Novice: 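Here it is, the structure in full.
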Amino acid sequence: MLVIGIESTAHTFGIAIIKDKKVLSNCKSLFTTKTGGMIPAAVADHHFDVFDSVIRDALKKADAALKDIDLIAFSQSPGLGNCLRVGATVARSLSLNFKKPLIGVNHCVAHLEIGRLLFPECRDPVLLYASGANTQVIAYDGGRYRIFGETLDNGVGNFLDSFARELDLGFPGGPKIEKLALEGKKYIELPYTVKGMDVSFGGLLTNLKNKYRSGKYPIEDLCYSMQETVFAMLVEVSERAMAHCEKNELIIGGGVGCNKRLQEMCNIMCNERGAEFYAPENQYLVDNAAMIAWLGLIMHKSGIRMSIKDSKIRPYERTDEVEVTWRRE
Ligand code: ATP
Ligand code: FE2
């Protein structure tokens with residue numbers, strides 16, 4: 001089955017073409033700004049400006065034509081309304097024009113399912129979903145993907161980006177902080193906020209900003225200590241969820257998952273408890289359309305059908321609102 005995936009939950013507009021389990025192309029255009037802020041209407045304008053060229057690019061790389069597509073999958077939830085609406089509109093137009101079925105998918109669930117596709121031996125993982133807007137620990141239980149832990153305020157990526165903005169590093173800040181952290185020599189004590197399986201970053205951000213403004217600490221040490229602290233929080237809640245759910249696989253998703261130190265810490269934790277850790281390559285960690293196409297395909301195969309009327313965006317849908325019809329174990 002040839003499937004086109006459309007991703008547009010936030011700053012990424014992505015188009016992928018997959019043929020059954022094979023990703024033929026995975027293209028995207030990213031909305032960026034020099035100042036770091038993101039105005040939803042401006043991001044939507046970007047998506048409208050680029051959708052045509054990203055579709056052409058993806059079709060060319062896949063050596064496919066729109067008329068051959070069997071299914072149109074798009075990110076229906078959750079995300080910024082303005083942005084989601086662009087992807088949904090493109091999906092509806094293609095569906096009506098080519099008389100092909102469309103299917104809307106949940107972006108968070110897609111992050112987990114792409115991991116299960118890429119690592120066939122990984123059947124029932126806990127997902128540490130660490131992106132800009134989202135920080136959640138998700139696992140399958142009783143026919144749904146449940147959120148066992150999450151951030152009580154900012155997503156970890158937005159938190160990293162906020163501190164990076166304070167340091168004038170530009171957007172996205174995560175990769176720049178990762179680089180600076182490698183030069184850090186001394187660990188500076190910072191607030192560590194874990195509540196059960198939830199985390200919180202607000203107090204830490206204020207504390208870091210105050211330390212930076214005092215001029216007493218090298219920024220490399222601040223970046224290093226910040227990474228050690230927040231990643232330890234993420235690893236702790238992931239481990240607690242694994243113990244609670246009695247699962248012995250951890251998979252990572254989201255842009256912050258590209259961070260090598262976070263991957264290393266997850267790996268150490270998993271080794272210590274005799275579990276397996278899986279990190280997809282970066283193109284599947286960040287927001288991407290391949291995961292949307294794949295989830296659309298397995299949902300379609302499980303019998304789900306969607307009419308144009310059902311294709312309304314759901315900006316606030318939670319992971320556990322999705323009935324998982326494609327998994328039986
Ligand atoms: P979502 O809509 O799923 O919340 P998103 O729109 O924020 O995702 P992603 O591509 O998943 O997009 O993640 C972007 C975030 O990842 C940014 O906050 C960025 O700073 C962070 N990031 C990217 N690379 C790294 C890295 N190497 N280390 C830490 N953070 C990183
Ligand atoms: Fe995402």
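These numbers were taken from a predicted model, which means no experiment stands behind them. Counting convention: from 1, in listed order, for ligands and their atoms alike.
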Novice: Consider every N or O of Ala133 and every N or O of ligand 1, then say whether any pair is closer than 3.5 Å.
Specialist: yes
Novice: Quick test: of every protein heavy atom, which one is nearest to atom 4 (O) of ligand 1, and how far off is it to 0.1 Å?
Specialist: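 Going by distance alone, atom 4 (O) of ligand 1 is nearest to Ser131 OG, 2.6 Å.
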Novice: Could you report the tightest heavy-atom contact between Asn26 and Ala16, atom names first, then the distance?
Specialist: OD1-CB, 3.8 Å
Novice: As an exercise, identify every atom of ligand 1 less than 4.0 angstrom from a heavy atom of Asn134.
Specialist: 1 (P), 3 (O), 4 (O)
Novice: Please say whether the positively charged group of Arg327, taken as NZ for Lys or CZ for Arg, lies over the ring of Tyr140, i.e. under 6.0 angstrom from the six-membered ring centre and within 45 degrees of the axis.
Specialist: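 Yes, Arg327 lies over the aromatic ring of Tyr140.
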Novice: Taking Lys260's backbone N and O only, do any of them form a donor-acceptor pair with Glu178's side chain (distance below 3.5 Å, no angle check)?
Specialist: yes
Novice: Among all protein heavy atoms, pick the one closest to atom 28 (N) of ligand 1 and tell me residue, atom and distance.
Specialist: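 Atom 28 (N) of ligand 1 sits closest to the protein heavy atom Asn259 ND2, 3.1 Å.
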Novice: Is there a side-chain contact between Tyr187 and Thr229 in this structure, where contact means two heavy atoms from C-beta onward sitting under 4.5 Å apart?
Specialist: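 Yes; the side chains approach each other to less than 4.5 Å.
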Novice: Under 3.5 Å, N or O to N or O, is Thr12 touching ligand 1 that way?
Specialist: no
Novice: Going by heavy atoms, is Gly79 under 4.0 Å from ligand 1?
Specialist: no
Novice: Pull out every atom of ligand 1 sitting under 4.0 Å from any heavy atom of Ala10, numbered as shown with elements.
Specialist: 2 (O), 6 (O)
Novice: Counting heavy atoms only, name the option from Leu80, Val256, Leu160 that's nearest to atom 21 (C) of ligand 1.
Specialist: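 Among Leu80, Val256, Leu160, the closest heavy atom to atom 21 (C) of ligand 1 comes from Val256.
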Novice: Among protein heavy atoms, which sits nearest to atom 27 (N) of ligand 1, and what does the distance come to when rounded to 0.1 Å?
Specialist: Glu178 OE1, 2.7 Å
Novice: For Phe201, which of Phe159, Phe163, Phe231 qualifies under ring pair (Phe, Tyr, Trp, His ring centres under 6.0 Å)?
Specialist: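 In the set Phe159, Phe163, Phe231, the residue that makes a ring pair (Phe, Tyr, Trp, His ring centres under 6.0 Å) with Phe201 is Phe159.
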Novice: Could you tell me which atoms of ligand 1, counted from 1 in the order shown, lie closer than 4.0 angstrom to a heavy atom of Gly173?
Specialist: 20 (O)
Novice: Restricting to N/O/S, name the atom of His111 that gets closest to the Fe ion (ligand 2).
Specialist: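 Result for His111 and the Fe ion (ligand 2): NE2.
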Novice: Run the side-chain contact (heavy atoms from CB on, under 4.5 Å) check on Phe148 and Val237 step by step: do they pass?
Specialist: CA-CA 9 Å; Phe148 285 91; Val237 294; over 6 Å; no
Novice: To check your reading of the model: name the closest protein heavy atom to atom 18 (O) of ligand 1, its residue, and the distance in Å.
Specialist: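 Result: Asp161 OD2, 2.6 Å.
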Novice: Please check if the distance between the ring centroids of His46 and Phe13 is under 6.0 Å.
Specialist: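 Centroid separation for His46 and Phe13: 6.0 Å or greater.
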Novice: Find the distance between CD (Gln283) and SG (Cys258) and round it off to the nearest 0.5 Å.
Specialist: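 Rounded to the nearest 0.5 Å, the CD-SG separation comes out at 10.5 Å.
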Novice: Are side-chain heavy atoms of Lys61 and Ile17 found at a separation under 4.5 Å?
Specialist: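 A side-chain contact is absent here, since even the closest heavy-atom pair is not under 4.5 Å.
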Novice: So does Cys108 have any N/O/S atom less than 2.8 Å away from the Fe ion (ligand 2)?
Specialist: no
Novice: Can you pull out the closest protein heavy atom to atom 22 (N) of ligand 1? Residue, atom name and distance to 0.1 Å, please.
Specialist: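 Result for atom 22 (N) of ligand 1: Gly255 O, 3.5 Å.
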Novice: So, does Ser8 use its side chain to make a donor-acceptor pair with the main chain of Val86 at under 3.5 Å?
Specialist: no
Novice: Can you tell me which residue and heavy atom of the protein come closest to atom 8 (O) of ligand 1, and the distance to 0.1 Å?
Specialist: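 Here the nearest protein heavy atom works out to Asp287 OD2, 3.1 Å.
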Novice: Suppose we only count N/O/S atoms under 2.8 Å; would Tyr129 qualify as near the Fe ion (ligand 2)?
Specialist: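 Checking Tyr129: at least one N, O or S atom is under 2.8 Å.
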Novice: When you compare ligand 1 with Val286, is there at least one nitrogen or oxygen pair between them that comes in under 3.5 angstrom?
Specialist: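 No, there is no polar N/O contact under 3.5 Å.
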Novice: Would you mind listing which atoms of ligand 1 come within a distance below 4.0 Å of any non-hydrogen atom of Pro172?
Specialist: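 Within the 4.0 Å cut-off of Pro172, ligand 1 contributes 19 (C), 20 (O).
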Novice: Applying side chain to side chain donor-acceptor pair (under 3.5 Å) to Glu276 and Asn248, what does each step give before you reach the verdict?
Specialist: CA-CA 6 Å; Glu276 286 299 324; Asn248 54 15; over 6 Å; no
Novice: Rounded to 10°, how many degrees is the angle OD1/Asp287-the Fe ion (ligand 2)-NE2/His107?
Specialist: 90°
Novice: Any atom of ligand 1 sitting under 4.0 Å from a heavy atom of Gly155?
Specialist: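 Not so, Gly155 does not reach ligand 1.
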Novice: N/O of Gly254 under 3.5 Å from N/O of ligand 1, yes or no?
Specialist: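 In this structure, Gly254 places no N or O atom under 3.5 Å from an N or O of ligand 1.
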Novice: Could you measure the distance from the CZ atom of Arg116 to the CD1 atom of Ile298? Nearest 0.5 Å is fine.
Specialist: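 Taking CZ in Arg116 and CD1 in Ile298, the distance rounds to 6.5 Å.
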Novice: Ignoring hydrogens and geometry, is there a side-chain-to-backbone donor-acceptor pair from Arg144 to Asp320 under 3.5 Å?
Specialist: yes
Novice: Short question: side chain of Asp221, backbone of Lys186 - any donor-acceptor pair under 3.5 Å?
Specialist: yes
Novice: Regarding Tyr145 and Gln136, is there a side-chain donor-to-acceptor distance under 3.5 Å anywhere?
Specialist: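 No.
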Novice: Does any N or O of ligand 1 fall below 3.5 Å from an N or O anywhere on Gly157, backbone included?
Specialist: yes
Novice: So, does Tyr129 sit close enough to ligand 1 that a heavy atom of it is under 4.0 Å from the ligand?
Specialist: yes
Novice: Does ligand 1 come near enough to Gly132 that some N or O of the ligand is less than 3.5 Å from an N or O of the residue?
Specialist: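 Yes, at least one N or O pair falls under 3.5 Å.
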Novice: Any idea which of Gly174, Ala181, Ser162 brings a heavy atom closest to atom 30 (N) of ligand 1?
Specialist: Gly174
Novice: Report yes or no: does His107 have a heavy atom closer than 4.0 Å to ligand 1?
Specialist: yes
